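All chains are named by letter (A, B, ...) in the order of the sequence lines, taking the proteins before the strands, and each is independently numbered beginning at 1. Keep in mind that what you see is a predicted model, and the values were worked out from it rather than measured.
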Amino acid sequence: MQRIYGLAFATEDELKAHLHMLEEAEKRDHRRLGRQLDLFHQQEEAPGMVFWHPRGWALWQAVERYVREVYRVSGYHEVRAPLIADVSLWKKSGHWDNFRENMFFTESEKRTYAVKPMNCPGHVQIFNAGLHSYRDLPIRYAEFGSCHRNEPSGALHGLMRVRAFTQDDGHIFCTEDQVQPEVTAFHAQAMDVYAAFGFTDVTLKIALRPDKRVGSDADWDRSEAVLRAALKQVGVPWTELPGEGAFYGPKIEYHLKDSIGRSWQCGTMQIDFSMPGRLGAEYVDETSGRKVPVMLHRAIVGSMERFIGILLENYSGALPFWLAPVQVVVAPIVSDADAYAGEVCAALRGAGVRAESDLRNEKINYKIREHSHQKIPVIAVVGRKEAEQRTVTLRRLGTEQQETLPLAEGVARLEAQSRL
RNA sequence: GCCGGCUUAGCUCAGGGGUAGAGCAGCGGUUUUGUAAACCGUUGGUCGGGGGUUCAAUUCCCUCAGCCGGCACCA
């Protein structure tokens with residue numbers, strides 16, 4: 001069979017607009033920005049995986065620090081589970097039956113281990129290690145969980161679709177009555193996070209029961225209903241995707257639109273009434289009986305890798321100050337100001353600002369051009385005048401205005417902007 | 001994974017059956033500079049891996065890998 005693809009436009013202007021869009025998309029392609037801004041690279045020996053360079057990892061950590069703070073204030077306990085576990089665990093969890101084609105395996109001393117494709121079984125093990133009262137619920141675990149999935153080679157795409165990724169994953173063990181409040185609380189939190197990162201075009205979907213599933217129809221009826229009720233309660237529109245739920249339960253999906261109009265699923269809130277039972281999770285209820293908790297799977301940014309890719313494209317690499325890997329470059333004009341530049345840089349670092357100095361023997365024009373291309377948000381220019389008067393002259397990316405102010409004031413101002 | 005294309009210096013890219021070039025970057029100098037490229041000199045490549053054809057392959061053929069575009073997939 002032969003397929004022929006084509007695009008057609010009604011007018012020449014529409015064609016031009018389309019070509020312009022493709023050009024813009026290429027300029028802000030996160031793979032290209034990753035090279036230009038020295039954030040990360042990928043190489044043949046590790047397809048679908050990422051080597052994070054110092055600047056890329058600084059960005060990662062800025063995202064991670066913010067999300068970690070969200071965990072903290074919303075009652076999550078951060079945990080950490082092993083990256084590999086005996087395959088028997090994955091047989092119990094159901095992953096072996098459903099997804100072994102997409103899992104990586106390794107072996108040692110005649111035992112086969114699976115590299116974890118999801119974090120939930122690990123979190124259930126942590127839950128199971130103690131005895132829990134209904135009074136303790138909901139129990140919320142969070143992890144920047146490293147996962148590996150053997151995605152089809154043709155699906156790989158920069159940071160957007162990788163084989164090794166890290167989820168801002170969380171699992172909530174709760175009673176059925178607690179599901180709706182947890183879902184609405186999660187929603188508010190997720191929307192706040194998206195707004196903080198600059199995303200306002202978020203669409204919600206509820207993925208409903210698939211053909212291949214576990215659990216009774218009554219369970220599915222209740223769990224789908226509670227998701228609808230939660231979204232109705234918070235007053236947001238959604239669309240429904242019949243047949244697209246996970247095999248263990250329905251889910252809400254949060255889709256963010258990127259700068260070139262592609263929509264990426266980032267956040268998710270899933271109800272799971274299968275895995276806790278399969279893996280033996282239980283709590284003690286009011287009557288001293290044992291009950292199986294409901295488990296909620298949730299993520300806000302989803303994959304850290306993908307989310308960073310979306311951030312880069314959304315901002316064309318010109319990240320807001322609080323996320324920029326290098327927030328300030330201190331650039332002396334003459335070598336007589338080198339010592340003072342070092343002092344300014346140290347003061348900024350002391351205040352928690354990611355600052356570097358550029359003492360190279362280059363003209364200030366050259367430095368400004370280069371650091372502007374590197375999308376550094378603030379260039380602090382110091383010449384003889386600044387060194388004598390103990391001031392800094394700040395130049396913001398994207399403007400030609402400059403502002404000279406006393407060193408302490410400049411440091412305080414940048415410090416205030418350096419974190420959300 | 002499927003169909004098609006691509007793979008040449010750190011980056012962006014020329015070139016082509018007789019063992020390779022540019023710009024930028026890098027390095028060595030000169031220059032001490034006030035808001036988007038100072039000047040001079042110069043290093044650098046097993047032309048993605050393996051095999052084949054040929055007197056000779058980076059160039060042609062086969063194969064593998066990765067990447068790119070699309071499709072399928074995405075717990």
Can you check whether any acceptor in the base of [N] is under 3.5 Å from a donor in the side chain of [X], or vice versa?
{"X": "Arg100(A)", "N": "A75(B)", "answer": "no"}
{"X": "Glu386(A)", "N": "G34(B)", "answer": "yes"}
{"X": "Arg161(A)", "N": "C73(B)", "answer": "yes"}

On the nucleotide [N], are OP1 or OP2 found under 4.0 Å from the side-chain N or O atoms that [X] carries?
{"X": "Arg35(A)", "N": "U12(B)", "answer": "yes"}
{"X": "Ser335(A)", "N": "U32(B)", "answer": "no"}
{"X": "His157(A)", "N": "G69(B)", "answer": "yes"}
{"X": "Arg31(A)", "N": "G69(B)", "answer": "yes"}
{"X": "Tyr366(A)", "N": "A25(B)", "answer": "yes"}

Handout entry: Distance between P atoms of G48(B) and G41(B) (Å, rounded)
Key =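 Per the computed distance, 32 Å lies between those P atoms.
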
Take the protein atom [atom1] of [X] and the nucleotide atom [atom2] of [N], then report the distance between them rounded to whole Å.
{"X": "Glu151(A)", "N": "C67(B)", "atom1": "CD", "atom2": "P", "answer": "13 Å"}
{"X": "Gln42(A)", "N": "C68(B)", "atom1": "CD", "atom2": "P", "answer": "8 Å"}
{"X": "Leu394(A)", "N": "U35(B)", "atom1": "CG", "atom2": "C1'", "answer": "13 Å"}
{"X": "Tyr248(A)", "N": "A75(B)", "atom1": "OH", "atom2": "P", "answer": "8 Å"}
{"X": "Leu159(A)", "N": "C68(B)", "atom1": "CG", "atom2": "P", "answer": "11 Å"}
{"X": "Glu45(A)", "N": "U7(B)", "atom1": "CD", "atom2": "P", "answer": "19 Å"}
{"X": "Trp96(A)", "N": "A75(B)", "atom1": "CH2", "atom2": "C1'", "answer": "16 Å"}
{"X": "Asp169(A)", "N": "A75(B)", "atom1": "CG", "atom2": "P", "answer": "14 Å"}

Given [options], which nucleotide is nearest the side-chain atoms of [X]?
{"X": "Pro152(A)", "options": "U33(B), C67(B), A72(B)", "result": "A72(B)"}
{"X": "Lys363(A)", "options": "A38(B), G66(B), A75(B)", "result": "A38(B)"}
{"X": "Ala155(A)", "options": "G34(B), C73(B), U33(B)", "result": "C73(B)"}
{"X": "Arg360(A)", "options": "C73(B), A75(B), G26(B)", "result": "G26(B)"}
{"X": "Arg395(A)", "options": "A75(B), A36(B), U33(B)", "result": "A36(B)"}
{"X": "Leu156(A)", "options": "C67(B), U35(B), A75(B)", "result": "C67(B)"}
{"X": "Val381(A)", "options": "A72(B), C74(B), U35(B)", "result": "U35(B)"}

Across all strands, who's sitting opposite [N] as a Watson-Crick or G-U wobble pair, both distances under 3.5 Å?
{"N": "G45(B)", "result": "none"}
{"N": "A38(B)", "result": "U30(B)"}
{"N": "A57(B)", "result": "none"}
{"N": "U7(B)", "result": "A65(B)"}
{"N": "U12(B)", "result": "A22(B)"}

| task | Measure from NZ or CZ of Arg80(A) to the centre of the six-membered ring of Tyr141(A) and say whether it is under 6.0 Å with the direction within 45° of the ring axis. | result |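 Checked: cation-pi criterion not met.
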
Assign each of Gln43(A) and Glu244(A) the nucleotide of RNA chain B bearing its closest heavy atom; nearer the 5' end lies the nucleotide of Gln43(A)

The residue, Gln270(A) or Gly154(A), whose nearest nucleotide of RNA chain B is more 5′ is Gly154(A)

Base, sugar-phosphate, or nothing for [X], non-hydrogen atoms under 4.0 angstrom?
{"X": "Asn365(A)", "value": "sugar-phosphate"}
{"X": "His371(A)", "value": "nothing"}
{"X": "Asn102(A)", "value": "base"}
{"X": "Ile364(A)", "value": "sugar-phosphate"}
{"X": "Lys367(A)", "value": "nothing"}
{"X": "Phe99(A)", "value": "base"}

Are the charged groups of [X] and [Y] less than 4.0 angstrom apart, N to O?
{"X": "Lys91(A)", "Y": "Asp97(A)", "answer": "no"}
{"X": "Asp219(A)", "Y": "Arg222(A)", "answer": "yes"}
{"X": "Lys291(A)", "Y": "Glu282(A)", "answer": "no"}

Result for side chain to side chain contact (heavy atoms under 4.5 Å, CB included) between Trp60(A) and one of Phe307(A), Trp52(A), Phe144(A) points to Trp52(A)

message = Less than 3.5 Å apart, any donor N or O on the side chain of Glu388(A) or Tyr340(A) sitting next to an acceptor on the other?
response = no

Only distances under 3.5 Å count here; give the side-chain donor-acceptor pairs of residues 249-256 of chain A to other protein atoms, sequence neighbours excluded, each with its distance to 0.1 Å.
from: Glu253(A); atom 1: OE1; to: His255(A); atom 2: NE2; distance (Å): 2.7
from: Tyr254(A); atom 1: OH; to: His187(A); atom 2: ND1; distance (Å): 2.9

field: Donor-acceptor pair, side chain of Glu386(A) and main chain of Gly383(A), under 3.5 angstrom
entry: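 Checking the backbone N and O of Gly383(A) against the side chain of Glu386(A), a donor-acceptor pair under 3.5 Å is found.
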
